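Below is one structure, written out as structure tokens; comments come after it.
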There are 2 protein chains.
Amino acid sequence: MAKRSTSRTNSKNQTKRKRQTSASRRTTSATKRTATRAASVRSTKMIYYFGSAKTEGDSSLKSLLGGKGANLAQMTTIGLPVPPGFTITTETCAKYYERSRKMPTGLMEEVEKNICALERETKKKFGDASNPLLVSVRSGAAISMPGMMDTVLNLGINDQVAEGLAALTSNRRFAYDAYRRLINMFGDVVMGVDHEHFEAAFDDVKREHNAATDAEVPEEGLVELCNRYKAVYKSHVGKNFPQDPLKQLRYAIEAVFKSWNIPRAAKYRQINDIHGLCGTAVNIQSMAYGNMGDDSGTGVAFTRNPSTGKNEFFGEFLINAQGEDVVAGIRTPRPVSEMKKWNNKVYKQLLAIKTKLEKHYRDMQDIEFTIERGKLFMLQTRNGKRTGGAAVTIACDMAKERLIDRDTALLRVPANDLIQLLLPSFDPKAKEKADVLTTGLPASPGVAVGKPAFTAAEAVERAGAGESVLLVRKETSPEDIDGMHTAVGILTSTGGMTSHAAVVARGWGKCCVAGAGEIKIDPGKGEFHVAGRTFGRNDTIALDGATGEVMAGEVPTVEPELSADFRTLMGWADKRRTMKVRTNADTPADARRAREFGAQGIGLCRTEHMFFEGDRIAAMREMIMAEERSHREIALAKLLPYQREDFIGIFTAMDNLPVTIRLLDPPLHEFLPHEENVQREMASAMGAQFEAVRWRVSMLHEANPMLGHRGCRLAITYPEILVMQIRAIAEATIACLEDGVRAKPEIMIPLVGTTKEVTILRELAEQTLQTVRKEKGLSRKLNIPIGTMIEIPRAALTADKIADAADFFSFGTNDLTQLTFGYSRDDINTFLPDYLKQEILEKDPFQTLDQAGVGVLVEMGIEKGRSVKPDLKIGICGEHGGDPASIIFCHNAGMDYVSCSPFRVPIARLAAAQAAISE
Amino acid sequence: MAKRSTSRTNSKNQTKRKRQTSASRRTTSATKRTATRAASVRSTKMIYYFGSAKTEGDSSLKSLLGGKGANLAQMTTIGLPVPPGFTITTETCAKYYERSRKMPTGLMEEVEKNICALERETKKKFGDASNPLLVSVRSGAAISMPGMMDTVLNLGINDQVAEGLAALTSNRRFAYDAYRRLINMFGDVVMGVDHEHFEAAFDDVKREHNAATDAEVPEEGLVELCNRYKAVYKSHVGKNFPQDPLKQLRYAIEAVFKSWNIPRAAKYRQINDIHGLCGTAVNIQSMAYGNMGDDSGTGVAFTRNPSTGKNEFFGEFLINAQGEDVVAGIRTPRPVSEMKKWNNKVYKQLLAIKTKLEKHYRDMQDIEFTIERGKLFMLQTRNGKRTGGAAVTIACDMAKERLIDRDTALLRVPANDLIQLLLPSFDPKAKEKADVLTTGLPASPGVAVGKPAFTAAEAVERAGAGESVLLVRKETSPEDIDGMHTAVGILTSTGGMTSHAAVVARGWGKCCVAGAGEIKIDPGKGEFHVAGRTFGRNDTIALDGATGEVMAGEVPTVEPELSADFRTLMGWADKRRTMKVRTNADTPADARRAREFGAQGIGLCRTEHMFFEGDRIAAMREMIMAEERSHREIALAKLLPYQREDFIGIFTAMDNLPVTIRLLDPPLHEFLPHEENVQREMASAMGAQFEAVRWRVSMLHEANPMLGHRGCRLAITYPEILVMQIRAIAEATIACLEDGVRAKPEIMIPLVGTTKEVTILRELAEQTLQTVRKEKGLSRKLNIPIGTMIEIPRAALTADKIADAADFFSFGTNDLTQLTFGYSRDDINTFLPDYLKQEILEKDPFQTLDQAGVGVLVEMGIEKGRSVKPDLKIGICGEHGGDPASIIFCHNAGMDYVSCSPFRVPIARLAAAQAAISE
């Protein structure tokens, strides 16, 4: 212990020392989700081969080969059974866009060379009917974007190859099934023929053969289907389906390149904060078939449970199916544990591979595999998406298993995802009585209460109008991304734990119940049926993503129990971080909750909310209506006892921790009613003329209240308000001292733009503290620091002057962002969506601190402030104090603490630790 | 000529070279009205003597001795007849305040030593009844603050001395008149006894002696009056009037120190932008008496005419009077030219002194003198206040007389005062028919039309409510400063050309008619009587300060004729300045006027005003009401021809000069009506539903429109608006070319905060220019630069990025000031008065650029912009572009031009020259 604390002191000192210079340095650490840019010097090598002959890539080349390509190469290298293939680099995709969507020179020649290598290794030939090489063409960016970009399977089949394949596999049904899938996918993905036209042709064939399901269509039906598909293709594309496999390949590669910039992919990147990628890689891989009969199959699995984090092999498989069938959620698959009974050898082989992969990647893996006639092939591995709770548990477990060290464990948990652990769940008592309609798969934990929306567009529209909506769909597809994001929860009637809906929802920590098969959805009528009942757009539904329950009506929620793993991880974080974490809290209840979450003080206690309850607002209004100082003082005297009691409550909740109290900030008109009838009520309650009230309201009206008479400007013109507040603080502090509560108030002056505001108000505050001290007969001085918000650009620009008069700085980055950008938070939605869409802004600057603009002012403020007071205590109390990317910035800028809402305190603790580790 | 133009080119190059480094350098040049700070190392010498024995100071020590003290020393040195005395330094006054208003240690000992020196020189003794030394005690700061601080005359009289003085002068009446004046002034100024108590005692004595005027009171009445005054003094002070002359002196010195910080003095400094002074000096000088009989007199004069600048001796004198009687305007004095008849010897002596003083000071002087029994004494000289017109004429004349060089001549004219030459005067034709009530003295030129206010407080209140008021007073006093400042003109019924009202009004360039003796004012009733008529608070009166005429009703005004001297000076300024001067103009008429005033282009052509006239607003509203882009485009097509014609008009007025056009800036709701009845009218005119109009207005409502959906944000969301405007610019340019007009438009994108906004809109603008060019079959490219406003802090902070995409920068310092301070221009008046009063702000930051805050962003923007584009053209187009102090800042920051309203163009030309000279 002694040793540890010594080393911690050292690291603190180092941080202190660094601070002198760090403020001016731009922070460069990227957050987990922001990819490193492709190397600035581009390689000319366009293709990397993987196979037993040679493997040119490995998992370190993700930015060049994409995640999928890099991992296919890596799996090949460590000896896992991977169908051989090759990867066209992401830079080649970038070149495609640089050349205004023309295929880079020499690319197809390189592709052909690699096809030759593939032919040698597989001993098959591309387009050779007697022994055809078939390949898949899949996208794969450096950061996983599941289902967002395009894929074409079974490439290399033409009329002759189909016949040859039938002969070779002695399975004509399989051969034509593969062919019709190729024509369908190629037509849809590469040529933009709407899937429904193929669907219609299939329905015709099924009807003609009296087949209820796809599987019931006889062999000759599939042959016929291929002809119909080719006709559909020709009628929509205007040309015949290409019989030349190389032509198929060329078009498919280009289609994947194009899919990088289709709207749904762009939207996905925006929602998930993915920036700085140059394009997608293209993986061309020899096919393995899970649909060659009942000895074949396909599956997806996680090496640990992605919902709970439990160390158990977790996944699903389908017999006699192609991989896309599992992910798309069309058939409901079987749990992977049941595989033992079907093929124990393969199951054991998978378990061994799972262990090998975890040892190699030292992280939980999300794998795809196919069994072709009893032989296992690995088609993909990647770090698995997981819920916040699972991330915590996996990180702790892996650290305990010594797969990773504690720093790595801390970096593994996306700080924002902790919110999932801290959010409410349904009250168990209320749930006993809940009206459970059905139970689906617990696809993504959390709870959601809302009204059903039946299409993504409807969900977006109604959510935009302020409704809480649940997206209720048979299955979801990448087109639904927008609606899934705006819905509070997702309910699907088909699809499993690894379906699109489940994977995406877990990634976001959004509640999802999948595969609730008893639910029959009628999107046309806007209703669904379950248990003999019907629910429409106006019915409230509750989802429990942890149990899969779907309930009618509202269900009350309770606060979460924090897991042991959570506490362990937070403990590690606290040892590692150098910044303190405070909270923004205005009530004793919030203060207590934040303290339970680990807050080390209050960084922002707003005093204005205290004036709205009951009698207080009457006294406040009396103060505002008064025309003379003496009358204002009479009204303020009525507010004093309330304010004092508020502070006593908060000081008590925060015993021995600092409480930064911001003096009155909003413009006075916020305390007056704006509707005529309420003005009349107010007038009669006060015994005033209605006209006088209306006149005062109109006098206080401001064109731009954000830039008006508020903050310390109020205290300059109405010093008696400040005097009352300081008196309340002083009296509360003394009352606490007498009760043995160690009150540690700090007084914060808001909206400072000039030094003189601080010197004038500080003098007045100190006089008032002195007066109260003498009145109460306190012998020692009240040691209450007086500091300023830095939230006006001019305060940052003149921080060296202001620091002379201030004991501390707290950056109010909400207002600082408003003023630095000239954006009103209340009005930004008129143009923000366009700004995000056109990538004028990468993110909403009110959520994540704009480092290039606002950040420059923050750094300047810190540097100038510390230039005159090297030990000046500096923190942040805007919304950004709870945002991980912004917290990293604050750490690098040399702040002493961040302050955020109670629920974000654990996030801030973890993010602060991650910042210290990444430094 | 060739030589001159070469040297001019050189100086330009030097400026260009300097720019690379100058932006980061703080400008230090002070404007004329901002005094240099007292030397940082303080001298310990507290008193400077002046007299024939020794003279320790000179006119270079103004900051230490005050203007009056330094010039008394200087006049003594150059041999003028000055009553000897000594000056207590301004630093001693500062010490007094540092010691919390205690007299500095050792000061009175020093005073006594100097009194001894004075006794030796005058051969009189302080307090010696047989041969008494009497002194005056006067304030005198480094910058003249006429009448603002306190003065005590006749110090040294007590009961014995009064008797001795009577014997010595054989003039008992004179001796007791001096004594009663001392008791009155000492009681009033030093002890704060209200003047009216002495007034009442005087009235009693007059009544008792049946005297109508002061002069009719007999000798014994004055003796009695002294006793009554001593009783008044005792009853209010609680002590006897001090008989010890040294005690009198000590109290008087302290009273002068105190008067430095009385409210009216502080207010005067604020109004006149006087900052950085450490206190007032105190001048103790042996008395000279102008009231010793008809061979005595007193006067004030200017060495040239302060209204017109004409080189003529100009002033007034009173026979048998003390100096204060002239300045206070109690008796109407005689013109100084009449002195010849009274005492030609003294008159000739004065003329010789006038010439000597001008040769010495090389500036027009304002002098005070006293004739004691035929002997002339100089009591003061200082640079004379003058009107803008006089300043121009005097500067030109003195340069022609080779008293000063041209640079000095340029520096002599306060740039702001030029506005007086450019403002309208009454239309001579209308004046022929005007209802002239009376003619007073033409005390300060200019014209004013308003309604009478009878007290300063009333003037302030009514002007605050938006009324144009004339301050109508018998006489004005320093207490009236506030009311004089807010009134549009001043009318007094007594007092001459050098009365308080006249001097102050001329200093401000405010119209004043003084000494209009036919006017009888009744402040109690709120009316005045003249020519048998009565005028009250609701009657409009017109004043002509150049003729002294007072007229009933409105009189139309005409534009001024610019004088030859004005043109000469402007020519000198244009040769000297390196910055260009453009104008802010939205109409051809404004453009033409500005061009006449010397504008070298338009720096800001706002396009929004063009949408309000006639049919345009209907089309604009149609555009705003449209829900689809195609409908908006239809409405915009209707606006296009108007906009094109507007631009053709402006380009034609500005033929061959650049015209910077700002794209649409205000939020759309500014174009919609907000009152229900107008909304109904609009709906029916458009054939739309009223509800639809109301809904659209409510949708467009913003909490803070200044920070809302405006500027380039509009163009991002409604690109079709930008396209229409660019098309209008391109079509107008081509139409002009065809007509032989050399149109030089520049396109300016407003409210830029990010680089991407510029790149997106620039691309769209360039495409549009290209389209129009092709349509019109123009072979060569339209060479139209596209630049940005820098008016959002983030734009300045990221100017290196933005410069990449912009051809020029124009600093919009109005919005930049709003955002840097967080002040809404529309709402600032709620707290600005308090901020100025408490000196939180030295000046309104919307009038003069805040160099410490906003200026830092401007310098940063210039430095960053030029770091990527060294030749980036940079200007300013906020209100500050017409403010001299701000123009000096712009020059030092390295800007290429300033742009201001047409009337301020000459001011900017002169200020730019002054900046170049002072560099």
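Numbered from 1 within each chain, the chains take letters A, B, ... in sequence-line order. If you're wondering where the values come from, they're calculated on a predicted model, not measured in any experiment.
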Do you know the tightest heavy-atom contact between [X] and [Y]?
{"X": "Ala852(B)", "Y": "Arg794(A)", "value": "CB-NH2, 3.7 Å"}
{"X": "Gly708(A)", "Y": "Phe831(B)", "value": "O-CE2, 3.7 Å"}
{"X": "Ala703(B)", "Y": "Pro705(A)", "value": "O-CD, 3.3 Å"}
{"X": "Thr830(A)", "Y": "Glu702(B)", "value": "OG1-OE2, 4.1 Å"}

For chain A, which residues of residues 757-766 of chain B have at least one non-hydrogen atom nearer than 4.5 Å to it? Glu757(B), Ile760(B)
Out of curiosity, [X] [atom1] to [Y] [atom2], how far, rounded to the nearest 0.5 Å?
{"X": "Asp834(A)", "Y": "Arg713(B)", "atom1": "CG", "atom2": "CZ", "value": "13.0 Å"}
{"X": "Arg825(A)", "Y": "Asn704(B)", "atom1": "CZ", "atom2": "CG", "value": "12.0 Å"}
{"X": "Leu797(A)", "Y": "Leu857(B)", "atom1": "CG", "atom2": "CG", "value": "4.5 Å"}
{"X": "Lys756(A)", "Y": "Glu839(B)", "atom1": "NZ", "atom2": "CD", "value": "5.0 Å"}
{"X": "Phe821(B)", "Y": "Thr754(A)", "atom1": "CZ", "atom2": "OG1", "value": "8.0 Å"}
{"X": "His701(A)", "Y": "Asp827(B)", "atom1": "NE2", "atom2": "CG", "value": "7.5 Å"}

Turns out that what part of Glu791(A) lies under 4.5 Å from chain B's heavy atoms comes down to neither
Side chain, backbone, both or neither: which part of Leu841(A) has an atom under 4.5 Å from a heavy atom of chain B? side chain
Sub-4.5 Å heavy-atom contacts with chain B: which residues of residues 798-805 of chain A show up? Thr798(A)
Could you tell me which of Asp826(B), Val854(B), Asp850(B), Thr820(B) has the largest number of non-hydrogen atom pairs under 4.5 Å with chain A? Thr820(B)
Looking only at heavy atoms and a cut-off of under 4.5 Å, which of Thr717(B), Ile828(B), Leu751(B), Leu700(B) has the most pairs with chain A? Thr717(B)
Residue pairs, two or more places apart or on separate chains, that pass salt bridge (Lys or Arg N to Asp or Glu O under 4.0 Å) and touch residues 810-822 of chain A: Arg710(A)-Asp815(A)
With sequence neighbours left out, the residues meeting side-chain contact (heavy atoms from CB on, under 4.5 Å) with Glu633(B) are Arg629(B), Glu720(B)
